[in-house]
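All values below come from the heavy atoms of this structure, side chains included, with hydrogens, waters and symmetry mates left out. Numbers restart at 1 for each chain; the letters A, B, ... are given by sequence-line order, proteins then strands.
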Amino acid sequence: NAGVMQNPRHLVRRRGQEARLRCSPMKGHSHVYWYRQLPEEGLKFMVYLQKENIIDESGMPKERFSAEFPKEGPSILRIQQVVRGDSAAYFCASSPASRTGELFFGEGSRLTVL
Amino acid sequence: SQQGEEDPQALSIQEGENATMNCSYKTSINNLQWYRQNSGRGLVHLILIRSNEREKHSGRLRVTLDTSKKSSSLLITASRAADTASYFCAETQGGSEKLVFGKGMKLTVNP
(Lines give C-alpha, C1' and ligand atoms only; values in the text may rest on other atoms or scores of the structure.)
Protein backbone atom coordinates (compact mmCIF):
# COMPACT_ATOMS: atom_id res chain seq x y z
CA ASN A 1 0.00 0.00 0.00
CA ALA A 2 1.86 3.04 -1.25
CA GLY A 3 2.09 6.00 1.04
CA VAL A 4 1.28 9.59 0.21
CA MET A 5 3.06 10.46 -3.01
CA GLN A 6 4.19 13.97 -3.76
CA ASN A 7 5.84 15.24 -6.88
CA PRO A 8 8.00 16.82 -7.85
CA ARG A 9 10.28 16.38 -4.85
CA HIS A 10 12.29 19.41 -5.90
CA LEU A 11 11.16 22.28 -8.07
CA VAL A 12 13.08 25.36 -9.13
CA ARG A 13 11.22 28.33 -10.52
CA ARG A 14 12.14 31.89 -11.45
CA ARG A 15 10.19 34.78 -10.03
CA GLY A 16 6.91 35.24 -11.86
CA GLN A 17 6.59 31.64 -12.99
CA GLU A 18 3.97 29.17 -11.84
CA ALA A 19 4.55 26.21 -9.55
CA ARG A 20 2.30 23.15 -9.48
CA LEU A 21 2.70 20.63 -6.73
CA ARG A 22 0.90 17.31 -6.85
CA CYS A 23 -0.21 14.97 -4.11
CA SER A 24 -1.71 11.51 -4.39
CA PRO A 25 -3.18 10.45 -1.05
CA MET A 26 -2.93 6.98 0.36
CA LYS A 27 -5.34 4.48 -1.13
CA GLY A 28 -8.74 4.82 0.46
CA HIS A 29 -8.04 8.28 1.86
CA SER A 30 -10.38 11.03 0.76
CA HIS A 31 -9.06 13.90 2.88
CA VAL A 32 -6.01 15.92 1.93
CA TYR A 33 -4.16 18.62 3.83
CA TRP A 34 -1.42 20.95 2.60
CA TYR A 35 1.19 22.45 4.91
CA ARG A 36 4.14 24.76 4.32
CA GLN A 37 7.39 24.55 6.23
CA LEU A 38 10.11 27.16 6.24
CA PRO A 39 13.66 26.11 7.23
CA GLU A 40 14.02 25.35 10.93
CA GLU A 41 10.32 26.03 11.55
CA GLY A 42 7.15 24.08 12.15
CA LEU A 43 4.43 23.32 9.69
CA LYS A 44 1.86 25.96 8.90
CA PHE A 45 -1.55 24.77 7.80
CA MET A 46 -2.66 25.96 4.40
CA VAL A 47 -5.74 24.10 3.23
CA TYR A 48 -7.90 21.05 3.88
CA LEU A 49 -9.77 19.41 1.03
CA GLN A 50 -12.08 16.52 0.44
CA LYS A 51 -12.87 15.20 -2.99
CA GLU A 52 -14.09 18.15 -5.07
CA ASN A 53 -14.51 20.36 -2.00
CA ILE A 54 -12.39 22.86 -0.12
CA ILE A 55 -13.27 22.43 3.53
CA ASP A 56 -10.90 24.88 5.22
CA GLU A 57 -8.62 27.28 3.40
CA SER A 58 -7.96 29.58 6.32
CA GLY A 59 -4.19 29.20 5.94
CA MET A 60 -4.03 29.97 2.25
CA PRO A 61 -2.70 33.35 1.15
CA LYS A 62 -5.50 35.31 -0.47
CA GLU A 63 -3.68 35.80 -3.74
CA ARG A 64 -1.68 33.59 -6.07
CA PHE A 65 -2.34 30.35 -4.18
CA SER A 66 -5.04 27.83 -5.04
CA ALA A 67 -5.72 24.19 -4.34
CA GLU A 68 -7.96 21.54 -5.76
CA PHE A 69 -8.72 17.89 -5.21
CA PRO A 70 -10.70 16.65 -8.21
CA LYS A 71 -12.87 13.58 -8.32
CA GLU A 72 -10.19 11.83 -10.32
CA GLY A 73 -6.48 12.40 -9.98
CA PRO A 74 -4.18 13.97 -7.44
CA SER A 75 -4.63 17.08 -5.36
CA ILE A 76 -2.87 20.10 -6.83
CA LEU A 77 -1.40 23.08 -5.01
CA ARG A 78 -0.85 25.87 -7.49
CA ILE A 79 1.23 28.96 -6.88
CA GLN A 80 1.06 31.63 -9.52
CA GLN A 81 3.67 34.34 -10.10
CA VAL A 82 6.02 32.91 -7.50
CA VAL A 83 8.17 35.18 -5.37
CA ARG A 84 11.31 34.38 -3.38
CA GLY A 85 9.26 34.22 -0.18
CA ASP A 86 7.39 31.20 -1.58
CA SER A 87 10.57 29.13 -1.28
CA ALA A 88 9.73 26.42 1.23
CA ALA A 89 8.92 22.76 1.66
CA TYR A 90 5.28 21.97 0.94
CA PHE A 91 3.91 18.87 2.59
CA CYS A 92 0.77 17.00 1.78
CA ALA A 93 -0.95 14.70 4.23
CA SER A 94 -3.98 12.48 3.93
CA SER A 95 -6.40 10.78 6.26
CA PRO A 96 -9.25 8.30 5.89
CA ALA A 97 -11.64 10.16 8.19
CA SER A 98 -12.43 13.76 8.91
CA ARG A 99 -11.80 13.97 12.63
CA THR A 100 -9.16 13.37 15.22
CA GLY A 101 -7.16 10.74 13.43
CA GLU A 102 -3.50 10.74 12.52
CA LEU A 103 -2.29 12.26 9.31
CA PHE A 104 -0.07 10.42 6.88
CA PHE A 105 2.51 12.69 5.32
CA GLY A 106 4.31 12.65 2.02
CA GLU A 107 8.01 13.42 1.71
CA GLY A 108 7.32 16.96 0.62
CA SER A 109 8.00 19.12 -2.40
CA ARG A 110 10.81 21.62 -2.01
CA LEU A 111 10.26 24.77 -3.99
CA THR A 112 13.14 27.11 -4.67
CA VAL A 113 12.40 30.44 -6.29
CA LEU A 114 15.37 32.12 -7.93
CA SER B 1 -2.52 30.31 14.24
CA GLN B 2 0.14 28.06 15.72
CA GLN B 3 -0.73 26.96 19.22
CA GLY B 4 1.54 24.21 20.45
CA GLU B 5 4.91 25.28 21.71
CA GLU B 6 7.54 22.69 22.42
CA ASP B 7 10.06 23.09 25.18
CA PRO B 8 13.03 22.91 25.09
CA GLN B 9 13.62 23.91 21.48
CA ALA B 10 16.76 21.82 21.28
CA LEU B 11 18.06 18.95 23.36
CA SER B 12 21.30 17.02 23.12
CA ILE B 13 21.75 13.81 25.12
CA GLN B 14 23.83 10.65 25.15
CA GLU B 15 22.60 7.34 23.88
CA GLY B 16 20.78 5.44 26.60
CA GLU B 17 19.54 8.53 28.39
CA ASN B 18 15.88 9.54 28.51
CA ALA B 19 14.59 12.55 26.61
CA THR B 20 11.62 14.59 27.74
CA MET B 21 9.91 17.14 25.55
CA ASN B 22 7.09 19.38 26.67
CA CYS B 23 4.31 20.98 24.71
CA SER B 24 1.94 23.72 25.82
CA TYR B 25 -1.22 24.82 24.07
CA LYS B 26 -3.71 27.59 24.55
CA THR B 27 -7.20 26.41 23.68
CA SER B 28 -9.31 23.36 24.38
CA ILE B 29 -8.38 20.37 22.27
CA ASN B 30 -9.96 17.22 20.88
CA ASN B 31 -6.70 15.36 20.94
CA LEU B 32 -2.99 15.97 20.90
CA GLN B 33 -0.53 14.18 18.67
CA TRP B 34 3.22 13.87 18.47
CA TYR B 35 5.12 13.56 15.20
CA ARG B 36 8.75 13.04 14.29
CA GLN B 37 10.58 14.49 11.32
CA ASN B 38 13.97 13.32 10.18
CA SER B 39 16.01 15.92 8.37
CA GLY B 40 14.68 16.53 4.88
CA ARG B 41 11.85 14.03 5.25
CA GLY B 42 8.13 14.04 5.88
CA LEU B 43 6.51 13.77 9.28
CA VAL B 44 5.79 10.44 10.87
CA HIS B 45 3.01 10.01 13.40
CA LEU B 46 4.19 8.71 16.77
CA ILE B 47 1.26 8.75 19.14
CA LEU B 48 -2.16 10.31 19.73
CA ILE B 49 -3.67 11.07 23.11
CA ARG B 50 -7.30 12.07 23.44
CA SER B 51 -8.49 14.89 25.67
CA ASN B 52 -10.05 12.43 28.13
CA GLU B 53 -6.83 10.42 28.48
CA ARG B 54 -4.01 11.23 30.87
CA GLU B 55 -1.23 8.88 29.80
CA LYS B 56 -0.41 6.64 26.89
CA HIS B 57 2.46 4.30 26.05
CA SER B 58 3.85 3.01 22.79
CA GLY B 59 7.10 1.07 22.94
CA ARG B 60 9.76 3.43 24.31
CA LEU B 61 7.39 6.39 24.11
CA ARG B 62 5.29 7.71 26.94
CA VAL B 63 2.94 10.65 26.50
CA THR B 64 1.09 12.48 29.23
CA LEU B 65 -1.63 15.07 28.93
CA ASP B 66 -2.64 17.59 31.58
CA THR B 67 -5.67 19.49 30.33
CA SER B 68 -5.79 21.66 33.45
CA LYS B 69 -2.32 22.99 32.62
CA LYS B 70 -2.86 22.72 28.86
CA SER B 71 0.34 20.78 28.49
CA SER B 72 1.66 17.47 27.24
CA SER B 73 4.98 15.73 27.53
CA LEU B 74 6.70 13.14 25.39
CA LEU B 75 9.22 10.87 27.06
CA ILE B 76 11.58 8.74 25.01
CA THR B 77 13.31 6.16 27.15
CA ALA B 78 16.66 4.53 26.47
CA SER B 79 17.33 6.84 23.56
CA ARG B 80 19.20 5.71 20.46
CA ALA B 81 21.17 7.63 17.86
CA ALA B 82 18.34 6.85 15.43
CA ASP B 83 15.99 8.94 17.60
CA THR B 84 17.83 12.04 16.41
CA ALA B 85 15.12 14.11 14.72
CA SER B 86 12.76 17.02 15.20
CA TYR B 87 9.67 16.35 17.25
CA PHE B 88 6.41 18.23 16.93
CA CYS B 89 3.25 18.31 18.94
CA ALA B 90 0.02 19.04 17.11
CA GLU B 91 -3.55 19.49 18.17
CA THR B 92 -7.02 19.59 16.77
CA GLN B 93 -9.18 22.25 18.36
CA GLY B 94 -12.90 22.32 18.99
CA GLY B 95 -14.83 21.95 15.78
CA SER B 96 -11.84 22.41 13.52
CA GLU B 97 -10.71 19.64 11.21
CA LYS B 98 -7.17 20.86 10.86
CA LEU B 99 -4.10 19.82 12.78
CA VAL B 100 -2.13 22.76 14.19
CA PHE B 101 1.59 22.17 14.72
CA GLY B 102 4.06 23.68 17.13
CA LYS B 103 7.47 24.91 16.05
CA GLY B 104 9.15 21.68 16.97
CA MET B 105 12.05 20.55 19.08
CA LYS B 106 15.33 19.23 17.74
CA LEU B 107 16.64 16.18 19.58
CA THR B 108 20.21 15.02 19.09
CA VAL B 109 21.22 11.67 20.54
CA ASN B 110 24.99 11.25 20.58
CA PRO B 111 26.36 7.72 20.22
Side-chain angles (χ1 to χ4, degrees), chain A residues 2-7 9-10 21 23-26 29-50 53-60 67 69 88-112, chain B residues 1-10 21 23-25 27-53 56 58 61 63 65 85-108:
Chain A
V4 176
M5 303 301 292
Q6 289 189 248
N7 68 83
R9 291 292 310 279
H10 300 274
L21 310 178
C23 169
S24 295
M26 285 183 70
H29 288 191
S30 58
H31 302 258
V32 165
Y33 304 75
W34 285 94
Y35 287 84
R36 176 164 63 178
Q37 185 178 37
L38 295 172
E40 306 302 319
E41 294 198 8
L43 276 70
K44 292 195 182 296
F45 170 81
M46 299 182 74
V47 63
Y48 161 45
L49 310 103
Q50 296 179 20
N53 287 304
I54 297 175
I55 306 301
D56 184 341
E57 57 181 348
S58 58
M60 286 280 272
F69 188 17
Y90 292 84
F91 287 94
C92 170
S94 71
S95 72
S98 61
R99 279 188 172 272
T100 70
E102 68 179 276
L103 297 187
F104 295 81
F105 279 83
E107 294 290 351
S109 291
R110 280 149 187 85
L111 171 65
T112 300
Chain B
S1 62
Q2 294 297 310
Q3 296 288 327
E5 294 291 337
E6 293 84 354
D7 169 53
Q9 292 197 317
M21 289 158 269
C23 170
S24 60
Y25 57 92
T27 61
S28 61
I29 58 171
N30 297 324
N31 65 62
L32 190 136
Q33 304 181 38
W34 286 88
Y35 287 78
R36 184 183 77 192
Q37 184 181 34
N38 288 75
S39 181
R41 305 294 300 274
L43 276 72
V44 175
H45 179 264
L46 294 176
I47 197 165
L48 179 155
I49 187 165
R50 301 195 185 282
S51 58
N52 60 353
E53 297 176 309
K56 204 162 183 180
S58 176
L61 305 180
V63 168
L65 180 65
S86 291
Y87 291 81
F88 296 88
C89 66
E91 73 244 29
T92 55
Q93 305 161 347
S96 173
E97 307 281 355
K98 67 189 182 189
L99 203 56
V100 178
F101 284 85
K103 292 184 177 179
M105 194 218 74
K106 187 169 287 187
L107 174 66
T108 302

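Note that NE2 of His45(B) and CZ of Phe105(A) are 10.0 Å apart. Values are rounded to the nearest 0.5 Å. The NZ atom of Lys44(A) lies 6.5 Å from the NZ atom of Lys103(B); values are rounded to the nearest 0.5 Å.
Enclosure of atom NZ in Lys106(B) is not indicated, since only 12 or fewer non-hydrogen atoms of other residues, nucleotides or ligands lie within 6.0 angstrom. Summarising the local packing, CE of Met5(A) is surrounded by 12 or fewer heavy atoms from other residues, nucleotides or ligands at distances under 6.0 Å. Crowding of Arg41(B) atom CZ: a count of heavy atoms from other residues, nucleotides or ligands under 6.0 Å not exceeding 12. Within a 6.0 Å sphere centred on CD of Gln9(B), heavy atoms belonging to other residues, nucleotides or ligands number 12 at most.
Of the atoms belonging to Phe104(A), not a single heavy atom falls under 4.5 Å from chain B. Neither the backbone nor the side chain of Gln6(A) comes within contact range of chain B, judged by heavy atoms closer than 4.5 Å. With a threshold of 4.5 angstrom between heavy atoms, Glu107(A) approaches chain B through its backbone and through its side chain.
Taking both residues in full, the closest heavy atoms of Arg9(A) and Gly40(B) are given as NH2-O, 4.0 Å, listed atom of the first, atom of the second, then distance.
You'll find the side chain of Tyr35(B) reaches within 4.5 Å of the side chain of Glu102(A), heavy atoms only.
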